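So you know, we letter chains A, B, ... as the sequences are listed, proteins then strands, and number each from 1. As the structure is a computational prediction, the values presented were derived from the model and not from experiment.
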There are 2 protein chains.
Amino acid sequence: MPAKPRPKTKDAARGDVIAKLSEVFRAHGYEGASLSLITEATGLGKGSLYNLFPRGKEQMAEEVLAHIDGWFEREVFAPLRDDSGGEGIARMFDAVDRYFESGGRVCIVGVFALGAARDHFAKAVRGYFTAWEAALALALRRRGFSAAEAKQRAEDIVLGIQGALVLARANDDRGVFRRAMKRLRGTVARQADAC
Amino acid sequence: MPAKPRPKTKDAARGDVIAKLSEVFRAHGYEGASLSLITEATGLGKGSLYNLFPRGKEQMAEEVLAHIDGWFEREVFAPLRDDSGGEGIARMFDAVDRYFESGGRVCIVGVFALGAARDHFAKAVRGYFTAWEAALALALRRRGFSAAEAKQRAEDIVLGIQGALVLARANDDRGVFRRAMKRLRGTVARQADAC
DNA sequence: GTCTATATAGGGATAGAC
DNA sequence: GTCTATCCCTATATAGAC
């Protein structure tokens, strides 16, 4: 190994670009994310962008979605599946709260899902939500819920998070998201409404 | 009054155009709704469109939003506020299920809320959700919920509907929406979890 | 690898004939 | 009122200099 690879590796630099791309797609959606917005956000000219992403905007979006999927796989889905010490679900809520900045940022996958881009990126969009629900349902089963109930509650939680993001952005108020997250955390505590 | 105004009135014809515009904005969002998509959907040339909506696409979106607001005001908010015979909430769920075709159509206001268009149409977007929540909270208070609980449950229901629409479209599966609606209907039945 | 043209298509919007 | 033709701008994408 050479002495000090201080200057960023190729992959790290690419990661930086993808992070900036994400914010453009998040704020403007797929069709709204113009190359001029992208050059502005990344500080790169079109030439550089097409050098990094030869297939253009489509490829940029694909890699943004893949990056999101990777992050959630590491920070959310894997902890849910391992559920080390029964803390998987709590870790999920923590990670989600950080990722969406308590409702200050919307979900790119959700934005894509609502627009015409869904058809083009259907597999990634669907995969994201199904992976999330499946991992969460598994963790809920370990908590003692029946298979059917775990599935239903997992769906309600993912759905609640997405709805909270819509309302938080519509009203420009993170309070909606915070309250929803608190309530959703509560729904996994009480094992059933048995009295 | 003249004998038979069989041919459509001006307003009715305008209503038809707005209905078709709505479907374009619903499917493609504000930025994605190009004039060529709009001419195709309405069957009108640009000249006619600019005659009907002199301020162009912006005005089209404004009138679409106003039309939605009018529909919900009549079919959802007013029944919730009147709550004739305590059926206001049930009528809301029925109307919502019809309007969104059991999850087959997404919410235009939700689509706008997630995109950059929110800033331009902030007042209409915010107004839609706040009116809905306020009317629903009022109906819930009449059902015996405390002011705080009614407000919270109203928020959870509106949020749940929006989240269900996101997931239904993401997974291309109306089942998510139907299940969510059923569950949400249930949350207004049990007055409190008092055992 | 990054930039500055440039190419080509489509965007929103307008003018004017009918 | 509706169309066609046209305006000007911005879109994505490419070429080629450095």
Kindly assign one of parallel, tilted or perpendicular to the pair B/F72 and B/W132, based on the angle between their ring planes and the thresholds 30° and 60°.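 Answer is tilted, since the angle falls between 30° and 60°.
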Under 4.0 Å: is that the gap between some side-chain N or O of A/S36 and OP1 or OP2 of D/dA11?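 For D/dA11, OP1 or OP2 has a side-chain N or O of A/S36 closer than 4.0 Å.
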Give a yes/no answer on whether the side chain of A/Y50 brings an N or O atom under 4.0 Å of OP1 or OP2 in D/dT14.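 Answer is no, no contact under 4.0 Å.
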Lys/Arg N to Asp/Glu carboxylate O, B/K182 vs B/D97, below 4.0 Å: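 A salt bridge is absent here (no side-chain N lies under 4.0 Å from a carboxylate O).
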Between A/K57 and A/E31, is the closest basic N to carboxylate O distance under 4.0 Å?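 Between A/K57 and A/E31 there is no salt bridge, as every charged N stays at least 4.0 Å from the carboxylate O atoms.
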N/O donor-acceptor pairs under 3.5 Å from side chains in residues 107-128 of chain A, not counting sequence neighbours:
from   : atom 1 : to     : atom 2 : distance (Å)
A/R118 : NH1    : B/R169 : O      : 2.7
A/H120 : NE2    : A/E58  : OE2    : 2.5
A/R126 : NH2    : B/N171 : O      : 2.7

I'd like to check the side-chain hydrogen bond (donor to acceptor under 3.5 Å, both in side chains) partners of A/R105; sequence neighbours left out, ordered by chain and number. A/E23
Atom [atom1] of [X] to atom [atom2] of [N]: distance rounded to whole Å?
| X | N | atom1 | atom2 | answer |
| --- | --- | --- | --- | --- |
| B/I38 | C/dA13 | CD1 | C1' | 13 Å |
| B/E40 | C/dG11 | CD | P | 11 Å |
| B/K57 | D/dT10 | NZ | C1' | 13 Å |

For A/D156, all residues meeting salt bridge (charged side-chain N to carboxylate O under 4.0 Å, His left out), sequence neighbours excluded: B/R183
Heavy atoms under 4.0 Å is the rule here; annotate nucleotides 1-8 of chain C 5' to 3' with B where the base is hit, S where only the sugar-phosphate is, and - elsewhere. BBB-----
Which residues in residues 11-30 of chain B have a heavy atom closer than 4.0 Å to any atom of DNA chain C? none
Got a sec, which residues hit side chain to side chain contact (heavy atoms under 4.5 Å, CB included) with B/N51, two or more places apart in sequence or on another chain?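 If we apply the side chain to side chain contact (heavy atoms under 4.5 Å, CB included) test to B/N51, skipping adjacent residues, there are no hits.
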Considering non-hydrogen atoms only, spot the tightest contact between B/L52 and B/R14 and give its length. O-NH2, 3.1 Å
